[in-house]
Amino acid sequence: MQDYLKELNEKQREAAAHMDGPLMIVAGAGSGKTKVLTTRIAHLMKQGIDAFNILALTFTNKAAAEMKERIEKILGNNEARNLYIGTFHSVFARILRAEAHKIGYPNSFTIYDSDDAKSLLKSVINENNLDDKLYKPQYVYGRISAAKNNLMGPIEYMQDHFIQQEDARSGRPLLGQLYAQYAARCFRNGAMDFDDLLFKMYELLVKHPDVLAKYQHKFRYILIDEYQDTNIAQYQIIKMLGAVHENICVVGDDAQSIYSFRGATIENILKFQKDYEGAKVVKLEQNYRSTQNILNVANKVIGLNKNQIPKNLWTDNGEGEKLKLVRTLTDNDEGRFVADAIAEQKLRNHYHNKDFAILYRTNAQSRSFEESLRRLNIPYRIFGGLSFYQRKEIKDFVAYLRVVVNPQDEEALKRIINYPVRGIGKTSMERVIIVANEQNITFWDALQQPQLAGLKGAAAAAIEQFVIMIRSFQAMLTKSDAYEVAFTVGKHTNLVKELYNDKSVEGLARYENVQELLNAIKEYTETPDEEGELTDKSLGTYLQNITLLTDADKNGDEDQDVVKLMTIHAAKGLEFPCVFAVGLEENIFPSAMSLYDREDLEEERRLFYVVITRAKHRLWLSFANSRYRFGSLVQNEPSRFIDEVPQEYIDRSFAGLAGARTGAVARNAAAQQRTFTPREKAPQQARPAASGGTSDVARVMAQKQAQAQITTHVPSANFTASDPEDMEEGMRVEHQKFGIGTIKKLEGGAHNRIATISFPTGGGDKKIMLAYAKLMILS
DNA sequence: TGATGCTAACTTTTT
DNA sequence: GTTAGCATCA
């Protein structure tokens with residue numbers, strides 16, 4: 001037996017050594033699925049299958065890169081470079097780049113990210129004189145996206161009885177027309193959005209049997225990672241591509257399906273055996289990642305879901321530590337607790353920064369952790385959020401490049417036509433757009449003839465100048481490489497100079513970012529080919545690639561010794577020795593959007609399962625009594641998922657900050673004993689927004705200054721908390737941390753009273769929740 | 001026409 | 001608490 005197969009357990013080997021015919025690998029969390037997948041590909045190649053005939057699809061670029069690397073390692077050569085391996089979106093973009101003309105698109109089509117898409121939608125909505133409060137671009141985009149992921153074009157959409165009813169009921173009967181217009185506009189702009197990369201790929205295969213045959217023949221072996229997260233479009237495409245050879249291998253874990261909001265359907269994995277008769281099924285149930293305690297919790301939690309393939313994860317690893325459950329008063333306390341715990345663990349158990357991950361439900365939750373980590377000088381990195389390519393200065397620069405490559409691209413044109421300022425104002429632009437729409441020509445074509453829009457004089461001249469400039473860049477495309485073009489664009493448009501002259505801190509950062517972009521393009525042009533036969537180093541390919549990159553894909557700094565912060569979604573597929581699962585509160589996790597639907601709730605539970613199974617040795621669950629959301633304090637009950645963790649696996653002696661606060665703890669003890677019953681509505685009356693319309697700049701400045709000089713207050717020796725019921729406006733009170741202050745205002749209902757107290761030595765005005773804060777009445 | 005300051009909307013999750 | 005988009009002023 002080959003060495004690389006010896007490293008696998010029996011089940012893993014069975015899967016990896018399988019050659020022909022459909023295969024489904026049901027791989028529990030941490031069961032070594034990437035190892036199996038990579039070994040299988042290497043094995044296929046060892047058996048003489050040409051790398052050019054293997055297609056492997058993943059959900060992130062990072063996963064793809066990692067797989068490629070591992071395969072190279074097994075094989076000891078660089079044959080893996082010839083594999084077709086990448087995300088669904090990037091692989092299909094690559095194929096479409098070669099074939100797009102067959103469905104009427106330019107091969108240098110632009111890829112619209114969701115910002116571009118929404119911006120175009122907004123234009124369309126406004127042109128129809130519709131209210132964009134009702135037809136919110138975000139909402140419309142969501143509907144269109146869902147339609148495309150279900151392979152439903154505008155016509156099908158408008159003919160679908162059920163959908164029409166839904167739209168009528170929501171008061172948006174014109175959604176279908178917006179969809180049609182948006183699609184037409186994208187087409188006119190030579191642009192595809194993310195969903196089009198799947199939808200148009202499908203269209204291509206359906207309309208052009210010759211193309212289908214070509215790729216069916218080419219991809220003799222198809223492997224798909226994270227199959228539980230595929231949607232209908234992906235499913236159909238795979239089905240078509242694999243129909244001839246049926247050498248389809250899918251790997252997935254129904255328990256980790258967490259992307260239904262993107263159209264993924266768990267059905268795909270559940271029905272695989274029906275789709276492919278005689279499919280071989282291998283279950284991987286041995287977990288190599290976590291301790292027994294962690295796994296027990298995970299198994300128990302996921303067992304509460306109804307719809308699933310039965311599995312039982314087990315491990316050889318020791319029992320390990322119990323989970324630690326932590327309650328804090330506020331989100332800031334939660335942040336402080338986590339940072340302290342990291343510092344402590346580093347000392348006590350010799351962990352490194354990179355051994356820790358802080359995982360949350362929503363990106364917005366990162367703030368309190370950032371602050372507290374910074375305070376303790378613990379380096380960290382946030383994954384997700386704004387990617388490099390979404391920064392304004394980068395988008396501006398890239399917009400130029402996009403126009404050069406594809407002048408039909410209306411969104412990019414709009415972005416740069418008057419940036420840097422060249423005297424083409426809003427009115428001129430709108431006129432041209434109207435003409436373009438009337439004549440159904442592209443914005444760019446309309447710009448060639450400004451007189452059609454009734455423009456003359458300075459405006460027309462400015463447009464003419466602009467057009468000439470862009471043309472001169474386009475002329476370079478055939479002769480020069482991507483970097484030369486980009487460099488010339490930066491120089492000629494004064495973009496780089498303008499940023500260089502901005503000497504502010506942000507300006508400097510922007511300048512550096514643009515330099516980094518230029519460097520990246522240079523690197524791209526100079527790196528030798530790594531891909532299969534379809535390589536080309538043009539600017540167009542480059543632009544398509546970067547649109548599909550996310551922040552998580554940023555190369556190379558794997559080994560940086562930093563604490564990692566990311567959403568649970570982003571953490572899927574990763575593992576960390578120590579995991580903090582934070583913000584376990586009702587309305588956050590589970591999210592408020594998913595409380596009223598069994599299926600949504602089960603997806604949240606799978607998300608909880610995912611976060612638990614990220615941990616190798618230690619796992620903390622934490623939640624806060626109250627936290628700032630949208631700038632005001634909100635109270636949430638502890639997450640129902642906490643109740644679902646069996647008591648015997650929880651370490652409660654470790655109470656975090658909660659131990660000291662008797663009132664809160666007592667109230668909480670009752671809450672934690674609740675069993676899995678539908679809970680009463682949390683008392684969440686909306687509070688009046690912070691009053692005071694006129695904001696006095698001087699006062700705010702003074703306040704900020706005061707905050708900076710907080711001196712730590714030492715509580716009086718006889719400090720005892722007074723009953724909040726007794727407090728009234730105008731009273732002088734003492735706070736253990738902020739010192740002595742005066743109650744300026746009381747608001748909120750009987751159980752949620754909030755006092756605005758001014759502390760002259762404690763940092764100015766504070767809003768304090770009387771139910772939790774300890775205050776002593778002085779007079 | 002451009003810069004500045006204010007309001008409102010925002011939070012699920014991502015290719 | 002943040003940010004995008006809008007209105008107002010220079």
Side-chain angles (χ1 to χ4, degrees), chain A residues 57-64 86-93 111-115 117-119 122 132-133 136-138 141-142 145 148-149 192-198 226 229-231 233-234 257-264 331-332 359-368 370-371 383-387 389-390 392 418-429 458-459 544-553 566-572 583 587-595 600 603-604 606-607 610-611 627-634 689-690 693-695 697:
Chain A
L57 297 169
T58 63
F59 273 81
T60 64
N61 296 297
K62 202 172 151 204
T87 64
F88 279 91
H89 290 85
S90 67
V91 167
F92 294 167
I111 298 174
Y112 276 175
D113 66 14
S114 27
D115 287 339
K118 275 181 249 174
S119 149
K122 199 171 175 197
D132 61 10
K133 292 254 159 53
K136 284 188 192 147
Q138 171 88 33
Y141 181 59
S145 170
K148 284 181 185 168
N149 285 324
M192 299 194 199
D193 65 20
F194 285 144
D195 303 308
D196 282 331
L197 293 176
L198 308 180
E226 310 278 16
D229 287 331
T230 51
N231 60 34
Q234 290 161 329
S257 161
I258 54 175
Y259 280 103
S260 74
F261 67 93
R262 226 167 70 191
D331 47 352
N332 288 329
L359 307 179
Y360 33 76
R361 179 66 238 272
T362 67
N363 280 307
Q365 283 165 260
S366 66
R367 205 204 80 251
S368 64
E370 291 178 67
E371 280 173 11
F383 291 79
L386 259 201
S387 98
Y389 297 101
Q390 283 172 313
K392 187 185 170 299
N418 201 28
Y419 177 83
V421 181
R422 56 173 68 85
I424 306 176
K426 215 172 151 194
T427 14
S428 319
M429 228 169 85
Q544 288 179 356
N545 286 341
I546 61 173
T547 316
L548 297 172
L549 279 184
T550 45
D551 196 42
D553 301 321
M566 64 185 92
T567 63
I568 301 170
H569 282 88
K572 192 167 69 138
N587 295 321
I588 291 179
F589 190 16
S591 140
M593 324 287 276
S594 53
L595 297 179
D600 289 346
E603 176 146 321
E604 294 282 314
R606 290 194 292 270
L607 204 49
V610 168
V611 73
R627 67 173 61 237
Y628 276 96
R629 262 190 123 188
F630 312 122
S632 65
L633 209 50
V634 175
T694 47
S695 86
V697 179

For A:Thr427, which contact category applies under a 4.0 Å heavy-atom criterion: base, sugar-phosphate, or nothing?
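Sugar-phosphate contact only - A:Thr427 comes under 4.0 Å of backbone atoms but never of a base.
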Considering every strand and a 4.0 Å limit on heavy-atom distances, what is the contact class for A:Lys118: base, sugar-phosphate, or nothing?
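Counting heavy atoms under 4.0 Å across all strands, no contact is made by A:Lys118.
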For a quick test of reading the model: is some side-chain N or O of [X] closer than 4.0 Å to OP1 or OP2 of [N]?
| X | N | value |
| --- | --- | --- |
| A:Asn61 | B:dT15 | no |
| A:Asn363 | B:dT14 | yes |
| A:Thr567 | B:dT14 | yes |

Among all residues two or more places apart in sequence or in another chain, which pass the side-chain contact (heavy atoms from CB on, under 4.5 Å) test with A:Gln365?
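Scan of A:Gln365 (side-chain contact (heavy atoms from CB on, under 4.5 Å), adjacent residues dropped) gives A:Tyr360, A:Arg361, A:Thr362, A:Ile588, A:Arg627.
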Using side chain to side chain donor-acceptor pair (under 3.5 Å) as the criterion, list what pairs up with A:Ser591, not counting sequence neighbours.
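For A:Ser591, no residue satisfies side chain to side chain donor-acceptor pair (under 3.5 Å) once neighbours in sequence are set aside.
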What residues, two or more places apart in sequence or in another chain, satisfy side chain to side chain donor-acceptor pair (under 3.5 Å) together with A:Gln544?
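Side chain to side chain donor-acceptor pair (under 3.5 Å) check on A:Gln544 returns nothing, list empty.
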Atom CG of A:Asp115 and atom P of B:dC10: how far apart are they, to the nearest Å?
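Rounding to the nearest Å, CG of A:Asp115 and P of B:dC10 are 15 Å apart.
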Find the distance A:Gln544:CD to B:dT15:P and express it as a whole number of Å.
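Rounding to the nearest Å, CD of A:Gln544 and P of B:dT15 are 18 Å apart.
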Per-pair stack call A:Tyr259 and B:dT14, 5.5 Å, 30°
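No, A:Tyr259 does not stack on the base of B:dT14.
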Between [options], which one does the side chain of [X] approach most closely?
| X | options | value |
| --- | --- | --- |
| A:Met593 | B:dT15, B:dT14, B:dT12 | B:dT12 |
| A:Ser591 | B:dT12, B:dT11, B:dT15 | B:dT12 |
| A:Gln138 | B:dA9, B:dT15, B:dT11 | B:dT11 |
| A:Lys136 | B:dT12, B:dC10, B:dT1 | B:dC10 |

In chain order, what residues pass the ring pair (Phe, Tyr, Trp, His ring centres under 6.0 Å) check against A:Tyr389, with sequence neighbours excluded?
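Residues passing ring pair (Phe, Tyr, Trp, His ring centres under 6.0 Å) with A:Tyr389: none at all.
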Contacts of A:Phe59 that satisfy ring pair (Phe, Tyr, Trp, His ring centres under 6.0 Å) - sequence neighbours left out
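Here the qualifying residues are A:Phe88.
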Taking 5' to 3' order, which nucleotide of DNA chain C is first and which is last to have an atom within less than 4.0 Å of a heavy atom in chain A?
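In short, chain A contacts DNA chain C from C:dG1 to C:dC6.
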